[in-house]
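All values below come from the heavy atoms of this structure, side chains included, with hydrogens, waters and symmetry mates left out. The chain is numbered in sequence order, starting from 1.
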Amino acid sequence: MRFKRSIGFTLIELIVSVAMLGTLLLFLSPLLGGALGGKTPRELLRKAEVASDSQQLIQRLRFYFSRARDGAFTQGPAVLFLGVNLASSALVVRSDMRPCTTFNPMNSAANLNRIEIFSSAPNNNTLTANLPGGGTQVLTSACGADWGLSIREFNLGGGQISATCNRFITNLNYAVIGNSKLTGADIFNLDFAAQTETFWNGQMMGQNPVFFNLTSSYGNSKNAPMVACSQ
């Protein structure tokens with residue numbers, strides 16, 4: 001018996017097609033800029049990339065926050081860069097990152113990893129940040145001297161487990177907007193701004209920003225020791 005091939009594209013065919021289309025648009029960028037309302041194909045592709053990256057970032061942060069016990073936010077001083085005031089900021093949280101087979105919220109206080117979420121302004125890749133539970137820590141950006149949002153995870157002994165940099169994200173703002181009736185923890189909102197174009201040689205940086213946000217709370221807070229494990 002012979003089977004007919006279903007109509008449609010395989011994943012590999014789709015990836016190759018998108019790559020070819022993107023390359024073609026980049027070559028036609030100077031010609032198509034006016035027809036796209038002043039937005040070049042490069043900018044449109046960058047916006048699509050930022051949108052995809054932002055969703056991955058939000059999912060990652062939701063996982064950290066679902067395991068988090070507490071956190072502390074720090075707003076750094078503004079830095080004047082090419083005529084624009086940019087400020088570094090950081091949110092440091094303590095999360096129980098053990099797998100669900102060993103996760104026990106009753107003893108999470110003794111099994112907390114430190115997560116550093118650090119938005120650095122250009123040429124300002126360190127920040128003295130507040131730590132949950134008291135004290136401060138000098139954070140170092142995973143993005144080097146460039147701006148960007150870096151996320152570092154440290155184990156119980158202070159050893160670094162991972163470090164990533166999201167170079168398009170240039171602003172992080174934090175605000176408490178309420179209180180969770182389920183856990184007693186603060187409900188907070190994180191606002192992000194990502195840039196799709198950068199101009200040099202005296203021109204203002206940070207044109208055409210893309211904004212997105214995340215509303216969450218600490219799912220393993222001190223007031224809710226029976227939170228279910230989240231993979």
Side-chain angles (χ1 to χ4, degrees), residues 10-12 15 49-74 89-120 127 129-143 148-169 172 174-192 212-231:
T10 65
L11 178 60
I12 294 178
I15 292 174
E49 185 176 358
V50 168
S52 175
D53 289 348
S54 68
Q55 292 305 307
Q56 295 180 41
L57 173 65
I58 286 176
Q59 291 303 316
R60 183 179 180 185
L61 293 182
R62 285 192 187 279
F63 175 68
Y64 285 140
F65 295 150
S66 70
R67 297 295 197 87
R69 179 164 289 261
D70 52 14
F73 179 75
T74 303
S89 58
L91 176 62
V92 181
V93 301
R94 295 188 294 185
S95 298
D96 188 337
M97 302 305 296
R98 292 175 296 172
C100 283
T101 53
T102 57
F103 176 79
N104 183 352
M106 295 299 293
N107 61 19
S108 282
N111 296 277
L112 294 177
N113 292 16
R114 186 175 79 249
I115 314 297
E116 300 176 354
I117 306 165
F118 177 22
S119 175
S120 57
L127 177 67
N130 300 318
L131 295 178
T136 60
Q137 175 81 26
V138 177
L139 307 189
T140 302
S141 174
C143 299
L149 184 80
S150 69
I151 301 178
R152 292 182 184 272
E153 181 181 341
F154 297 85
N155 60 24
L156 296 176
Q160 180 174 289
I161 297 175
S162 64
T164 59
C165 171
N166 298 270
R167 293 192 181 279
F168 296 147
I169 300 175
L172 165 65
Y174 172 94
V176 175
I177 60 176
N179 185 267
S180 173
K181 295 181 179 179
L182 294 177
T183 66
D186 290 334
I187 299 175
F188 54 86
N189 188 76
L190 296 180
D191 289 311
F192 300 91
F212 59 97
N213 60 16
L214 165 64
T215 300
S216 186
S217 63
Y218 301 129
N220 187 27
S221 70
K222 297 177 182 177
N223 298 323
M226 295 307 295
V227 65
C229 181
S230 174
Q231 292 283 11

How close do [X] and [Y] get, counting heavy atoms only, and between which atoms?
| X | Y | answer |
| --- | --- | --- |
| R69 | Y218 | O-CB, 4.1 Å |
| R152 | A163 | NH1-CB, 3.6 Å |
| N130 | T136 | OD1-CG2, 3.9 Å |
| S108 | F103 | OG-CE1, 4.0 Å |

Is there a donor-acceptor pair closer than 3.5 Å between any side-chain N or O of [X] and the backbone N or O of [Y]?
| X | Y | answer |
| --- | --- | --- |
| R114 | G158 | no |
| R67 | D96 | yes |
| R94 | L131 | no |
| R62 | L214 | no |

In Å, rounded to the nearest 0.5 Å, how long is the span from [atom1] of [X] to [atom2] of [Y]?
| X | Y | atom1 | atom2 | answer |
| --- | --- | --- | --- | --- |
| S162 | I115 | OG | CD1 | 7.0 Å |
| I58 | D53 | CD1 | CG | 11.5 Å |
| T164 | I151 | OG1 | CD1 | 4.5 Å |
| S89 | L127 | OG | CG | 8.0 Å |
| L61 | S66 | CG | OG | 11.0 Å |
| L149 | I117 | CG | CD1 | 7.5 Å |

Compare all side-chain heavy atoms of [X] with those of [Y] and state whether any distance is below 4.5 angstrom.
| X | Y | value |
| --- | --- | --- |
| Q55 | F212 | no |
| V92 | L139 | yes |
| E116 | F154 | yes |
| V93 | P132 | no |

Quick one about S95 and N113 (side-chain donor to acceptor, distance below 3.5 Å, no hydrogens or angles considered), yes or no?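 Note: N113 and S95 side chains miss the donor-acceptor criterion.
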Would you say the side chains of N166 and R60 form a donor-acceptor pair under 3.5 Å?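 Absent: no donor and acceptor within the cut-off.
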How about F65 and F188: are their ring centroids closer than 6.0 Å?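 Under 6.0 Å, so yes.
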Going through the checks in order, is the side chain to side chain contact (heavy atoms under 4.5 Å, CB included) test met by N213 and F192? CA-CA 6 Å; N213 60 16; F192 300 91; 5.5 Å; no
